[in-house]
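What's counted below: heavy atoms across the whole structure, side chains too, no hydrogens, waters or symmetry copies. Only a predicted model underlies this, so the values are computations on that prediction, with no experimental measurement involved.
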Amino acid sequence: MTLTRHAASAISLSNDSLDSIAEESLLVHDQCKLILNALKRKVQAQGTSTDVIDGDLCVCEKGTHAVPDPCHCTLYFQKEEEEEGSALSRFEKLAMLKECIKEKDHNRGAQIHAEHIWTELHDQGTKDLLCFQRMKSEGLLPNLITFYNILKACIASHAIHSGQQIHVELAEQDFLEKDMVICNAILYMYTKFGLLKEAQDVFDKLPMQDVVSWNTLILGYAQQGHVYEALISFENMQHAGHAPNAITFLSILKACAHAGNPKKGEEIHTQITTRGLFEGDATIGSALVDMYAKCGSLVKAQRVFDDILEKNLISWTALINGYVKHGYAQEALGCFKCMQLAGHCPNTVTFICLLKACGSIKASNDGLKLHSQIVKQGSFETAPSLGTALMNMYFSCSMLLDAQNVFHQLEVQDRISWNALMHGYVQNSLEEYAMLCLEKMQSNGFPPNAVTFVCILKASARLGTACKGQQLHAEIIKYELPENPVIDSALIDMYMNCGMFAEAQVVFDKVAIHNTSLWNVLIAGYGQVGKNHVVFGLLKKLLDVGIIPDQSLYSILLNTCSHTGLLDTAQFYFEAMSTNGVIPTQEHYTCMIDLYGRAGLLEEARLILENMPFLANRLVWRILLTASYKQRSIDLGWEAIEHAAQLDKINSAARVCIRNMYAAIKSDYILAGEIHSLKDLQ
DNA sequence: CTAGGGTTAG
């Protein structure tokens with residue numbers, strides 16, 4: 001808004017006054033600067049033209065993601081000299097944009113904008129697009145090839161409206177009856193726009209379906225994560241008498257990867273092998289690696305990977321990503337070393353996966369090395385997402401200054417990078433910084449989105465400032481974001497943390513469909529403050545509506561029991577878990593050990609520890625140590641100390657804690673008249 | 001004509 005005020009006055013101003021506007025306004029951010037510079041060029045070139053400047057200002061003012069990004073307004077100016085031969089002039093486009101703004105037609109506005117950007121990127125295609133319009137205006141009939149090229153242009157520029165118009169034209173002229181290629185191109189276009197309902201409709205109405213049509217449809221479903229539809233279409237394809245080919249399998253593997261369950265994927269793998277479609281091929285092989293990796297079957301992923309005859313960068317990245325996603329960061333980094341030895345150079349995607357690995361295990365040295373490699377390779381400029389990945393890595397390693405530096409050096413600070421900055425602050429318990437960040441982001445012209453709100457609500461929940469939280473709630477309503485269970489659960493969490501149970505309940509009640517995590521966050525809130533009767537009441541309701549408790553609900557229940565020492569109840573739920581096929585995690589076991597320990601049942605606690613399928617970590621031994629100390633159980637205490645000390649070669653803070661414990665126990669030893677050698681632990 | 005790996009949230 002500030003920009004509009006300043007720039008509005010720029011209409012009749014000269015070059016010098018534009019300079020002074022820029023200097024005068026502290027709030028002129030980078031994008032505004034770009035526009036002011038563009039205005040300056042305009043002034044230099046041909047004096048002021050209110051028409052053009054006015055048009056661009058409208059664009060700036062509405063600079064949300066739906067309507068053209070102000071940053072790109074400059075393109076209109078830059079393109080001016082080069083664009084003489086075009087059918088649609090810059091002025092016409094601006095007039096169209098103005099029209100869109102007046103009509104509040106965001107879609108059309110975005111489309112014109114997209115087409116314009118696409119013009120920048122796909123020169124040949126642009127000429128097609130413009131030729132097409134000129135041809136029509138001159139009464140020439142476009143042929144199939146023209147239509148095909150124009151559809152490609154629409155896809156590249158995400159021009160949904162134009163694409164639909166072409167579809168109508170093609171149908172009217174009976175082209176769809178004549179040519180499968182154009183039919184499949186239309187189908188492909190709808191899947192690329194994410195309009196799967198329309199795609200299915202087009203598919204159903206095709207005069208006939210060939211293998212390409214089926215593949216296109218299946219891929220469309222697979223890419224958007226509609227696993228069920230993809231699998232059904234795969235079945236139907238075969239019922240219709242079409243043999244799946246390699247491309248079909250690539251698509252269906254993608255769907256299986258989305259499903260997260262390797263069972264179906266294994267079946268597909270068998271089919272691929274039977275048909276002789278793999279045999280060391282890198283493309284199918286990489287898709288198989290990706291599927292197994294995403295489903296958590298890392299051993300199988302590695303096995304398929306080993307069978308690929310000529311591994312390429314994509315095969316390596318798929319494997320690395322699998323390790324990273326399932327918490328094997330060290331393996332991922334090892335894999336990267338092998339990849340480089342094999343002579344492959346990482347690209348943006350590989351870097352993003354690796355940075356995530358470094359962040360997850362706080363491997364700051366590896367992270368720094370990657371950063372310099374990125375700079376050396378010059379990959380930074382070509383991919384803004386690398387900047388976000390770097391920020392995340394630094395924030396995860398608590399290297400705030402480095403993270404901030406990356407942010408400030410970004411060429412384009414978009415909403416994603418602002419969100420990443422905010423998330424980093426929340427991650428590092430700098431809630432106030434996150435709040436400031438929100439203000440700055442907004443004053444820089446980026447309205448918050450769902451991710452922003454989830455993040456900032458978390459900060460607000462931690463601060464426990466009810467007033468701020470309610471203000472945020474009002475703002476969320478104001479922005480009319482689409483319904484989002486993640487926001488709802490963040491809101492409930494925030495209200496619960498502020499002790500505003502009624503407000504939390506109101507949010508909960510307003511949601512039409514309650515998913516498991518919404519129930520969980522509500523129940524967890526009551527559990528935290530020890531309102532056990534509410535917790536178990538809600539649990540009953542949840543079971544009544546047919547929700548099946550998941551791992552996190554069980555840990556909420558066990559924690560609730562743990563807070564209030566309800567050992568029997570906890571025991572009941574702990575056993576219920578396995579009966580209901582929910583696998584206990586380390587957290588569940590830890591909770592049980594804590595409960596037994598605090599009840600003074602050291603033998604039972606120890607039994608759980610010995611039988612759990614994990615190696616006991618520091619936390620568990622420390623819990624046991626505390627319990628042993630309280631019970632004055634010297635033998636178990638010793639065992640706990642020794643184990644804890646062994647595990648504590650890295651963290652000095654924990655070591656101090658253990659020493660204190662040891663000192664406490666030691667006095668008991670002396671009292672008991674026992675003398676032990678404690679040298680190892682000193 | 002359809003093709004393999006990825007950026008911000010619970």
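Of the candidates Tyr425(A), Tyr394(A), Tyr433(A), Gln404(A) forms a side chain to side chain donor-acceptor pair (under 3.5 Å) with just one, namely Tyr425(A). Each of Val212(A), Leu277(A), Leu250(A), Val211(A) was evaluated against Asn245(A); a single residue qualifies, Val211(A), per the side chain to side chain contact (heavy atoms under 4.5 Å, CB included) test.
Contacts of Thr350(A) with the nucleic acid, taken as non-hydrogen atoms under 4.0 Å apart, include base atoms. Contacts of Phe453(A) with the nucleic acid, taken as non-hydrogen atoms under 4.0 Å apart, are absent. Ile487(A) comes within contact range of no nucleotide atom at all, as no heavy-atom separation falls under 4.0 Å. Residue contacts shown for Asn449(A) are absent, as no nucleic acid heavy atom lies under 4.0 Å away. Within 4.0 Å (heavy atoms only), Gln427(A) reaches no atom of the nucleic acid at all. When heavy atoms are screened at a 4.0 angstrom cut-off, Asn515(A) is found touching base atoms of the nucleic acid. Residue-level contact check: Ile247(A) touches the bases, meaning some heavy atom is under 4.0 Å from a base atom. Asp290(A) comes within contact range of the sugar-phosphate backbone alone, with a heavy-atom separation under 4.0 Å but no base atom that close. Counting any heavy atom pair closer than 4.0 Å across all strands shown, Ala282(A) reaches a base atom. Residue contacts shown for Ser315(A) are absent, as no nucleic acid heavy atom lies under 4.0 Å away. At the heavy-atom level, Asn245(A) lies nowhere under 4.0 Å from the strands shown. Contact annotation for Thr317(A): base contact, defined as any heavy-atom pair under 4.0 Å involving a base atom.
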Given Leu472(A) and Leu457(A), is the side-chain contact (heavy atoms from CB on, under 4.5 Å) satisfied, shown in steps?
CA-CA 7 Å; Leu472(A) 286 167; Leu457(A) 280 170; 4.1 Å; yes
Show your working on ring-ring contact (aromatic ring centres under 6.0 Å, His included) between Phe147(A) and Phe175(A) and close with a plain yes or no.
CA-CA 10 Å; Phe147(A) 272 121; Phe175(A) 271 121; 5.3 Å; yes
Yes or no on ring-ring contact (aromatic ring centres under 6.0 Å, His included) for Phe395(A) and His423(A), after CA distance, side-chain angles and deciding distance?
CA-CA 9 Å; Phe395(A) 272 127; His423(A) 175 239; 8.1 Å; no
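Remark: Ser385(A), Thr388(A), Asn392(A) in residues 384-398 of chain A come within less than 4.0 Å of DNA chain B through at least one heavy atom. For the segment residues 292-299 of chain A, residues with any heavy atom less than 4.0 angstrom from an atom of DNA chain B are, sorted by number, Lys294(A).
A search for side chain to side chain donor-acceptor pair (under 3.5 Å) contacts involving Ser517(A) returns Asn515(A), not counting sequence neighbours. In this structure, Lys254(A) has no side chain to side chain donor-acceptor pair (under 3.5 Å) partners at least two apart in sequence or on a different chain.
Interface limits on DNA chain B: the 5'-most and 3'-most nucleotides within less than 4.0 Å of chain A heavy atoms are dC1(B) to dG10(B).
The backbone N or O of Ala293(A) sits nowhere less than 3.5 Å from a side-chain atom of Ser297(A) that would complete a donor-acceptor pair.
Note: Trp214(A) and His242(A) have tilted aromatic rings, judged against thresholds of 30 and 60 degrees for the angle between ring planes. By the 30° and 60° cut-offs, the orientation of the rings of Phe249(A) relative to Phe234(A) is perpendicular.
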Would you be so kind as to tabulate the donor-acceptor pairs closer than 3.5 Å made by side chains of residues 341-353 of chain A, with sequence neighbours excluded?
from: His344(A); atom 1: NE2; to: Lys311(A); atom 2: O; distance (Å): 3.1
from: Asn347(A); atom 1: OD1; to: Val349(A); atom 2: N; distance (Å): 3.2
from: Asn347(A); atom 1: OD1; to: Thr350(A); atom 2: N; distance (Å): 3.2
from: Asn347(A); atom 1: OD1; to: Thr350(A); atom 2: OG1; distance (Å): 2.8
from: Thr350(A); atom 1: OG1; to: Thr317(A); atom 2: OG1; distance (Å): 3.3
from: Thr350(A); atom 1: OG1; to: Asn347(A); atom 2: N; distance (Å): 3.2

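A donor and an acceptor atom, one from each side chain of Asp204(A) and Gln200(A), are located under 3.5 Å apart.
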